[in-house]
Amino acid sequence: MTNLRIPGPTPCPPEVLTAMGRQMINHRGGEFQKTVLGVTEKLKRLLLTQNDVFLLTGSGTGGLEAAVVNSLSPGDKVLAVSVGVFGDRLSNIAKTFGADVTVLKTEWGKAADPSAIKAALDNDPAIKAVMVTHNETSTGITNDLQAISETIKPFDKLLIVDAISSIGSIALPIDEWGIDVMVTGTQKSWMVPPGMAMVAISEKAWRANAAAKMPRFYWDFAKAKKYLANGGQTPWTPAVSVVFALDVSLSMMLDEGLDNIIARHIKLGNMTRAGVKALGLKLFADEAYASNTVTAVLGSDGLDPKTLNKIMREEYDIVLSGGQMDLEGKIFRIGHLGWVNEKDVEAVLSALKEALPKAGFTGGK
C-alpha cells in the first residue's frame, strides 16, 4: 500500500473507509439527524469547547471563507498574521470580501512574534479582528497560539484561527485559549476523506455575526445554528458519507484519548526531525517552532527536491509533498498526522537514505 506522507489528505483507517461505503439514507430523517448530533457532541469533546460547533460541507478553505464572512463587514480593519501560503490565503479571502487588511508577514520558516502583533494592535486601535494560522503546513511551522491569544486578550479583538492542520493532533484547547472562530477539516488529523469543514463559534463571535454585513448564503452560521437546533439537521444537503466516516473516526480518537494522540504526534515529529538531520539534511523551519504534523526539509547540498519526490514515489511507493509558491523546488515536506505510526516514519527515513544520493544529495558523508 502506498505510504501517503503528505500534510493532507491523510490516510484513512479501514473502519473509516468501510463507513464511507454505507448506503445513503434520508438526510432529513431521524437516523441521520441522530448521527449529526452524535458527531457534533464527539467533536466538542475533542475540541475542548462548549462553544457552538457546526459541520459544513466543503473544504477547509470553504470553512475559512465562512469564518470571514460571518464575522466581518466590508471596511472592517483586520490584522492578518501570515507565516506562509495559508496565512496569505486567509488574508486574501478577507480582502476579497472587502475587509481592510493589514498583513503582518513573518519570514517563511519562522513563527509569528507576539510582540509584533501587540505593536500592530497598539498602532491601530480600530482593528476589529486578528486572523492567525495555527499550523502552517507550507513551511512546517506551528505558531505559539497560546502566547498570541494572551497578547490579543487585553485588546478584546476577535480571534479567528485556521486550525485545519493542527487541532486533533496538536494541543489547542479552544475555550481555555479564547479562540472565537476555529476552522478545521476532515482530511487532516481527523483521518477522514475531504468533504467537511468543522467550525467552533464563541459568544463573542456570535455578537460579531449579528453585526456582520459581508454577503453569505451557503456559508451562513445563523442558518447552521437554526438547522442544528431543529433536531440535528444541516441547512443544505451534507456530504452524508463523510459524516458516516467522521462518526467512526471520532470514536476511534476518543478511544485513543486526546492526550495520547497529541503525545503520539510529538513523538513522531521529534522522530522525523531527528531522522532527517541524521541523514545530513537541514530543516527549513525554525526547530523551536517546528510542526508535529509536517516536517519541511531544505533542498541543500545538491539535492533536487522535485527529483527526490519523484524517486520516492516511483521507486519506493512513498508520496511526499513539494514546496509551494516561493518554496517550489526548494524544499520537500513529510506529513505525519492523523492515522500514522512509527513504522510509517521509519519507512520514509529508510527510503530517503537510499534515494537521496540518486537525487543529487552530496551531504551526510
Legend entry - Chi angles and distances behind the side chain to side chain donor-acceptor pair (under 3.5 Å) call for Ser202, Asp180: CA-CA 5 Å; Ser202 75; Asp180 294 306; 2.8 Å; yes

Legend entry - Close side-chain approach of Val199 to Met182, heavy-atom, < 4.5 Å: no

Inset, instruction - First locate atom NZ of Lys277, then atom OG1 of Thr272, and finally report the distance between them rounded to the nearest 0.5 Å. - result: 11.5 Å

Inset, instruction - May I ask you to check whether over 12 heavy atoms, not counting those of Glu328, lie within 6.0 Å of atom CD? - result: no

Inset, instruction - Would you give the length of the straight line joining atom CG of Leu250 to atom CE of Met191, rounded to the nearest 0.5 angstrom? - result: 8.0 Å

Legend entry - Flag for Trp339-Asp344: side-chain donor and acceptor within less than 3.5 Å: no

Inset, instruction - Determine whether Ile160 and Ser71 make a side-chain contact, defined as any pair of heavy atoms from C-beta on separated by less than 4.5 Å. - result: yes

Inset, instruction - Go through the steps to decide whether Thr2 and Asp317 satisfy the test side chain to side chain donor-acceptor pair (under 3.5 Å), and finish with yes or no. - result: CA-CA 5 Å; Thr2 298; Asp317 203 19; 2.8 Å; yes

Legend entry - Heavy-atom side-chain proximity of Val192 to Gln187 below 4.5 angstrom: no

Legend entry - Lys223, NZ atom: more than 12 neighbouring heavy atoms under 6.0 Å: yes

Inset, instruction - Answer yes or no: are there more than 12 heavy-atom neighbours, outside Tyr289 itself, under 6.0 Å from its atom OH? - result: no

Legend entry - Evaluation steps, side-chain contact (heavy atoms from CB on, under 4.5 Å), between Met253 and Trp190: CA-CA 8 Å; Met253 292 176 74; Trp190 308 99; 3.5 Å; yes

Legend entry - Criterion side-chain contact (heavy atoms from CB on, under 4.5 Å) on Ile164 and Leu64, from CA distance to verdict: CA-CA 9 Å; Ile164 291 170; Leu64 296 179; 4.0 Å; yes

Inset, instruction - Apply salt bridge (charged side-chain N to carboxylate O under 4.0 Å, His left out) to the pair Asp156 and Lys204, showing each step before the final yes or no. - result: CA-CA 10 Å; Asp156 195 31; Lys204 185 194 293 187; 3.1 Å; yes

Legend entry - Side-chain cluster (under 4.5 Å, hydrophobic types only) that Val85 belongs to, other residues: Phe86, Trp108, Phe284, Leu298, Met325, Leu327, Ile331

Do any side-chain atoms of residues 227-246 form donor-acceptor pairs under 3.5 angstrom with protein atoms, and if so which ones, sequence neighbours left out?
residue : atom : partner : partner atom : Å
Gln233  : OE1  : Arg28   : NH1          : 3.0
Thr234  : OG1  : Trp236  : O            : 2.8
Trp236  : NE1  : Tyr218  : O            : 2.9

Inset, instruction - Evaluate the side-chain proximity of Ile170 to Ser291: yes if any heavy-atom separation is below 4.5 Å, no if none is. - result: yes

Inset, instruction - Give, for atom CG of Leu159 and atom CG of Leu145, the distance between the pair rounded to the nearest 0.5 Å. - result: 6.0 Å

Inset, instruction - Give a yes-or-no answer on whether the side chains of Thr35 and Asp247 include a donor-acceptor pair shorter than 3.5 Å. - result: no

Inset, instruction - Find the distance between CG (Asn70) and CD1 (Ile201) and round it off to the nearest 0.5 Å. - result: 7.0 Å

Legend entry - Heavy atoms of other groups near Gln50 CD, more than 12 under 6.0 Å: no

Inset, instruction - Sequence neighbours left out, what pairs pass salt bridge (charged side-chain N to carboxylate O under 4.0 Å, His left out) with at least one residue falling in residues 70-91? - result: Asp76-Lys128, Lys77-Asp124, Asp88-Lys105

Inset, instruction - Report yes if some heavy atom in the side chain of Glu342 is under 4.5 Å from a heavy atom in the side chain of Lys267; otherwise report no. - result: yes

Legend entry - Atom pair OG1/CG of Thr133 and Asp162 - distance to nearest 0.5 Å: 4.5 Å

Inset, instruction - Could you tell me whether Lys153 sits above the aromatic face of Trp177, with NZ or CZ closer than 6.0 angstrom to the six-membered ring centre and within 45 degrees of the axis? - result: no

Legend entry - Nearest-0.5 Å distance that lies between atom CD1 in Ile117 and atom CD1 in Ile148: 4.0 Å

Inset, instruction - Evaluate side chain to side chain donor-acceptor pair (under 3.5 Å) for Thr10 paired with Lys188, printing each intermediate quantity in order. - result: CA-CA 6 Å; Thr10 62; Lys188 301 288 187 176; over 6 Å; no

Check: residues 349-361 side-chain donor-acceptor pairs under 3.5 Å, at least two apart:
residue : atom : partner : partner atom : Å
Glu354  : OE1  : Tyr316  : OH           : 3.0
Lys358  : NZ   : Glu315  : OE1          : 2.8
Lys358  : NZ   : Tyr316  : OH           : 3.0

Inset, instruction - Please identify each residue that fulfils side-chain hydrogen bond (donor to acceptor under 3.5 Å, both in side chains) with Ser249, with sequence neighbours left out. - result: none

Inset, instruction - Measure from NZ or CZ of Lys118 to the centre of the six-membered ring of Phe155 and say whether it is under 6.0 Å with the direction within 45° of the ring axis. - result: no

Legend entry - Any donor-acceptor N/O pair, Thr184 side chain to Met198 backbone, under 3.5 Å: no

Inset, instruction - Kindly determine whether Glu107 and Lys110 satisfy side-chain contact (heavy atoms from CB on, under 4.5 Å), including the steps that lead there. - result: CA-CA 6 Å; Glu107 179 186 350; Lys110 306 290 184 183; 4.0 Å; yes

Inset, instruction - With side chain to side chain donor-acceptor pair (under 3.5 Å) as the test, would you mind laying out the steps for Arg313 and Asn3 before giving the verdict? - result: CA-CA 9 Å; Arg313 182 178 65 253; Asn3 190 354; over 6 Å; no

Inset, instruction - For a side-chain contact (heavy atoms from CB on, under 4.5 Å) with Val132, tell me which candidate from Leu90, Val81, Leu104 qualifies. - result: Val81

Legend entry - Lys44, NZ: over 12 other non-hydrogen atoms inside 6.0 angstrom: yes

Legend entry - All pairs passing side chain to side chain donor-acceptor pair (under 3.5 Å) where residues 18-27 contributes a residue, at least two apart: Arg22-Glu31

Legend entry - pair Pro11-Val340: side-chain heavy atoms closer than 4.5 Å: no

Legend entry - Stepwise side-chain contact (heavy atoms from CB on, under 4.5 Å) test for Thr137 and Arg333: CA-CA 9 Å; Thr137 56; Arg333 295 176 294 146; 4.1 Å; yes

Inset, instruction - Give a yes or no on whether Ile174 and Leu258 share a hydrophobic cluster (residues Ile, Leu, Val, Met, Phe, Trp, Tyr; joining criterion: side-chain heavy atoms under 4.5 Å apart). - result: yes

